[in-house]
Amino acid sequence: SGSLVIAAILLLRPLVRGRVSARWQYYVWLVALARLLMPAAPEGSLMGTLFREAPASPAVVESLPGPGPAESGTDLPVSPALPGTETGPDLPDAAQWLAAALVLLVRKATAYQSYVRCLRAGGRAVDDPAVLDALAALGREAGVRRPVELLICPLAASPVLIGWVRPCIVLPSEDLTEEAFRCTVLHELTHCRRWDGAYKWLVQAAVCLHWFNPLVCLMAREIARDCELACDEAVVLALGEDGRRAYGDTLLRVLETGGKLSGVGASVTLCEDGKLLKERLEAIMKVKRQTKRTAALSLMLAGALLAGATAAGAYTGPAKKQTEPVINSGAKEDIKERVKSAVKEDAKSSANAQEAAR
């Protein structure tokens, strides 16, 4: 069902490009993430209907020892298994899937921590009061209420935001013009205000849990792309044409002056992808404010995708199988009669054996 939602969003993108904001195209992926990370779904969902197993064939009760029909091995009539009593997924299979997911998640977390340690070890904190005052002013302009550190690290391939509790902006160089510093810091502060780091960790969790699904990996790449486009849009909305050109020049300069330490999956960088740069530069000059009509269209599309994701549902496997077959009332009476007959026959055989022994 998660794959269906991802496919629907991918097919919808060419139709809405230029009609809805980059911000909407970025956050609509949360619908797919919710479907991938939340197994709960309505009972009448599409996946539950498609993958519901047929009722098991009637159970067979072993014949009881004793005279009459039981000795001939005749099976007793029993009722079919109740719906929803099929066996669930094998525990070894579930354990293997979960082990692979945990290994991938630990590996990604370790890689991110190593990346952060390298940046902090190879960088130095900015202590110039004028620069820090400019950073605080830009933080208020961007709507960031948390204190943000500033670090200079020549190893960084691009300006990047690291840390959740203690956010820190890392710059590859301090040799920036006032306009370039403003554009770069505003971009990273926008990531901080929107909690894009947390968003990307949700994406990484979905990738680890659905490591077998190539569509989820494709979704992760598209979210990383949309994240930068949405951030660019938020920054340049307040800039004039000259400011947008300065912002584009900053993106170009970043690729030339950055170091060789590239970001990892959950990092939030300014610009490391040269292939994406052309699209970003074109989008910067075309950004326009959202109209009420566009906002209404965006809301309707998001609601339709959310309803579709809910209706698609999730299939979490059938319920646990009953340990004993379900026997109808007629069969129960037949079993009682056979047991009584077997007990009487055993008693009679014991009496005959004792008489013969005498």
Would you check if Cys192 and Glu188 make a side-chain contact, meaning some heavy-atom pair closer than 4.5 Å? no
Is the backbone N or O of Leu209 less than 3.5 Å from a side-chain atom of Trp97, with the two atoms forming a donor-acceptor pair by type? yes
Rounded to the nearest 0.5 Å, what separation is found between the CG atom of Leu161 and the CG atom of Asp196? 8.5 Å
Could you measure the distance from the CG atom of Leu135 to the CZ atom of Phe181? Nearest 0.5 Å is fine. 5.5 Å
Before we go on, tell me: are the rings of Tyr112 and Trp201 under 6.0 Å apart, centre to centre? yes
Are the charged groups of Glu233 and Arg23 less than 4.0 angstrom apart, N to O? no
If you count heavy atoms of other groups shown closer than 6.0 angstrom to CZ of Arg193, is the number above 12? yes
Go through the structure and list residues passing side-chain contact (heavy atoms from CB on, under 4.5 Å) with Gln113, not counting sequence neighbours. Arg117
Minimal heavy-atom distance between Gly122 and Pro154, with the atoms involved, is O-CD, 3.9 Å
Are Glu149 and Arg120 close enough for a salt bridge, meaning some N to O gap below 4.0 Å? yes
Might you work through the side chain to side chain contact (heavy atoms under 4.5 Å, CB included) test for His191 and Cys227, ending with a clear yes or no? CA-CA 9 Å; His191 282 310; Cys227 178; 3.5 Å; yes
Hey, are Asp249 and Arg244 close enough for a salt bridge, meaning a charged N less than 4.0 Å from a carboxylate O? no
From Thr184 OG1 over to Ile169 CD1, what is the distance, rounded to the nearest 0.5 angstrom? 9.5 Å
Cluster overlap Trp195 with Trp24, hydrophobic side-chain contacts below 4.5 Å: no
For a quick test of reading the model, state the closest non-hydrogen atom pair linking Ser3 to Leu215 and the distance between them. CB-CD1, 3.7 Å
Atom CG of Leu33 and atom CE of Met38: how far apart are they, to the nearest 0.5 Å? 12.0 Å
To the nearest 0.5 Å, what is the distance between CZ (Arg13) and CD (Glu222)? 4.5 Å
Could you tell me which residues satisfy side-chain contact (heavy atoms from CB on, under 4.5 Å) with Val106, sequence neighbours excluded, listed by chain and number? Thr110
Is it true that Arg182 and Glu141 have a side-chain N and a carboxylate O under 4.0 angstrom from each other? yes
May I have the step-by-step check of side chain to side chain contact (heavy atoms under 4.5 Å, CB included) for Val207 and Trp211, ending in yes or no? CA-CA 6 Å; Val207 170; Trp211 48 266; over 6 Å; no
For Tyr199 and Arg194: C-alpha separation, side-chain torsions, deciding distance, then whether side chain to side chain contact (heavy atoms under 4.5 Å, CB included) applies. CA-CA 9 Å; Tyr199 190 163; Arg194 292 184 171 185; over 6 Å; no
Heavy-atom side-chain proximity of His187 to Tyr247 below 4.5 angstrom: yes
Side-chain touch Val203/Val216, heavy atoms, less than 4.5 angstrom: no
Heavy-atom closest contact (Pro172 atom, Ile152 atom, distance): O-CG2, 4.4 Å
Would you check if Leu301 and Val28 make a side-chain contact, meaning some heavy-atom pair closer than 4.5 Å? no
How close do Ala180 and Thr250 get, heavy atom to heavy atom, and via which atoms? CA-OG1, 3.6 Å
Should Tyr27 and Leu299 be regarded as members of a common hydrophobic cluster, given that ILVMFWY residues are connected when their side-chain heavy atoms come within less than 4.5 Å of each other, either directly or indirectly? no
Heavy atoms of other groups near Glu282 CD, more than 12 under 6.0 Å: yes
Show your working on side chain to side chain contact (heavy atoms under 4.5 Å, CB included) between Thr190 and Asp232 and close with a plain yes or no. CA-CA 9 Å; Thr190 303; Asp232 291 340; over 6 Å; no
To check you understand the geometry: which heavy-atom pair defines the closest contact between Val20 and Gln25, and what is its length? O-NE2, 3.6 Å
Measuring only between side-chain heavy atoms, which start at C-beta, is Ile162 closer than 4.5 Å to Val160? yes
If you draw a 6.0 Å radius around CZ in Arg146, do more than 12 non-hydrogen atoms from other residues or ligands fall strictly inside? yes
Check: Val126 and Leu151 side chains under 4.5 Å, non-hydrogen atoms: no
Assign the ring pair Phe212 / His210 to parallel, tilted or perpendicular, where the plane angle (0 to 90°) is split at 30° and 60°. tilted
Using side-chain heavy atoms (C-beta onward) and a distance below 4.5 Å, is Arg35 in contact with Ile6? no
Which pair of heavy atoms, one from Glu279 and one from Leu229, lies closest together, and at what distance? OE2-CD1, 3.8 Å
First locate atom CD1 of Ile223, then atom CG of Leu218, and finally report the distance between them rounded to the nearest 0.5 Å. 10.0 Å
